[in-house]
Amino acid sequence: MRTQVAIIGAGPSGLLLGQLLHKAGIDNIILERQTGEHVLGRVRAGVLEQVCIDLLDEAGVGERMHKEGLVHSGIEMLFDGQRHRVDMNKLTGGKNVMVYGQTEVTHDLMNARQAEGLPTVYEAHNVKVHDFDTTRPRVTYEKNGQTHPIECDFIAGCDGFHGVCRASAPRSAISEYEKVYPFGWLGILADTPPVCEELIYVNSPRGFALCSQRSKTRSRYYLQVPLTDKVEEWTDEAFWQELRLRLDDEAREHLVTGPSFEKSIAPLRSFVTEPMRFGRMFLAGDACHIVPPTGAKGLNLAATDVKYLSSAMIEFYQEKSEAGIDTYSQRCLGRVWRAERFSWWFTSLMHRFPDDGAIVAKFQHAELDYLMHSESGQRMIAENYVGLPLDFGS
Ligand code: RFL
Ligand code: PHB
């Protein structure tokens, strides 16, 4: 079999890339290790930046998002028992974010791909990438006991943190930077109305908490927990009890509890791979960078990688120019490091680190107090949260 671009991974990066390439007349095949149901079962991101919204529109899959997504113009910060609102819209000259789950984004992209009859191979096992240091790369995979080869012009590694593409890059050509945080996020989904119209980020003496949502009737809550905690040990009752203890009086009063239908613990990590291109193989999304979820940046960064990668490939085919593919890595990494910086900073400001003493909690409070009483401090949070402009720094 032959295609122009072989895409590994049917997460949001791979599906969005496939859609944008198809719109430009570039054929592609997606190979996914899991079943489609499994991919849709993973509950992850919830906040989309304008750049991501625009790209989903460009890919022709924005209709349901605009109907069902919730536009948020601010976030709330809770510390020392007091809530403070960061008015993102006012501080950024009119920018907002959209609350719309990654599951829904993935669903919309999968439906569009299926409707257009584009090839996706689910349960593609033992995917291997070959000869990407030449102009004739190949991919092989196993399905139903047979090995299938695919010849292509480019390989797009959209296969997440545990994927095969980054692992296949020559060790001598790659630099990796990593920080693992000494806690995780225990998250639940419940069909209860959200405690507040906006998201509440909480710095409490008992650790971080986040009150998020998926719709007016579906809540998503997170608690900072030790890495040694097991999800089975957390009953719904224990979760709600602990969340209550981290909230302020008003939120405690408004909190509506109920049975959860999803519960999981996610570890937190900052990670970057440089470069993001190895000959004819390109990495995008979680395959080459991970941020702790505090800044809500992971999916949004994946979307901008895909924006740069699709335009580089379109330039290659339509204008016979390699300029875009040659600068792909450099263009992405500027934005990646800015988002990594913000996510690390926001995580450090909002969580209790096990080895920090009481003085660090005091530093955090003093910094939060400063930020909430300084317009430039609040603007720094707002402009990073809604997403820095694509041409920032250039
Ligand atoms: P994904 O979603 O991991 O998809 C990669 C796909 O590749 C497949 N795969 C393979 N396929 C074939 N062969 C192999 N060898 C393969 N190895 C892997 C996998 O099965 C999978 O289907 O990566 P992608 O597409 O780059 O998307 C990245 C996002 O999923 C991620 O950055 C976000 O979820 C991060 N994130 C958030 N991002 C935001 O922008 N806003 C948020 O509010 C936000 N909240 C979050 C988050 C991530 C979280 N967790 C669980 C880490 C909240 C949480 C709790
Ligand atoms: C979510 O709703 O899952 C979510 C929202 C904001 C974050 C992280 C996760 O910073």
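Ligands are counted one by one from 1 in listed order, and the atoms in each one are counted from 1 as well. FYI, side chains are in, hydrogens and waters are out, and symmetry mates aren't considered; it's all heavy atoms of this structure.
Using bins of under 30°, 30° to 60° and over 60° for the plane-to-plane angle, the ring pair His373/His84 lands in the perpendicular bin.
The shortest N or O to N or O distance between Thr294 and ligand 2 is below 3.5 Å.
The side chain to side chain donor-acceptor pair (under 3.5 Å) test applied to Ser73 returns Arg85, not counting sequence neighbours. By the side chain to side chain donor-acceptor pair (under 3.5 Å) test, Glu250 pairs with no residue at all, sequence neighbours left out.
Annotation: ligand 1 has protein neighbours Ile8, Gly9, Gly11, Pro12, Ser13, Leu31, Glu32, Arg33, Gln34, Val39, Arg42, Arg44, Ala45, Gly46, Val47, Gln102, Val127, Cys158, Asp159, Gly160, Gly163, Val164, Tyr222, Ala266, Gly285, Asp286, Pro293, Ala296, Lys297, Gly298, Leu299, Asn300, each with a heavy atom less than 4.0 angstrom from the ligand.
Contacts of Ala296 with ligand 2, taken as heavy-atom pairs under 4.0 Å, involve both backbone and side chain. Under 4.0 Å from ligand 2, not a single heavy atom of Tyr100 appears.
Of the protein's heavy atoms, Tyr201 OH, 3.3 Å lies nearest to atom 6 (C) of ligand 2. Ranking the protein heavy atoms by distance from atom 3 (O) of ligand 2 puts Tyr222 OH, 2.6 Å first. When only non-hydrogen protein atoms are considered, atom 8 (C) of ligand 2 lies nearest to Pro293 O, 3.3 Å.
Under a cutoff of 6.0 Å and an axis angle of 45°, Lys179 and Tyr181 form a cation-pi pair.
Between Phe271 and Phe161, the distance separating the two ring centers is shorter than 6.0 angstrom. The ring of His38 has its center no closer than 6.0 angstrom to the ring center of Tyr122. Taking the centre of each ring, Phe208 and Tyr222 stay at or above the 6.0 Å mark. Here the two rings, on Tyr177 and Trp337, have centers that are under 6.0 Å apart.
Counting atoms of ligand 2 from 1 in the listed order, those under 4.0 Å from a heavy atom of Val47 are 5 (C), 6 (C).
Clustering of Ile, Leu, Val, Met, Phe, Trp and Tyr by side-chain heavy atoms under 4.5 Å joins Ile359 with Val360, Phe363.
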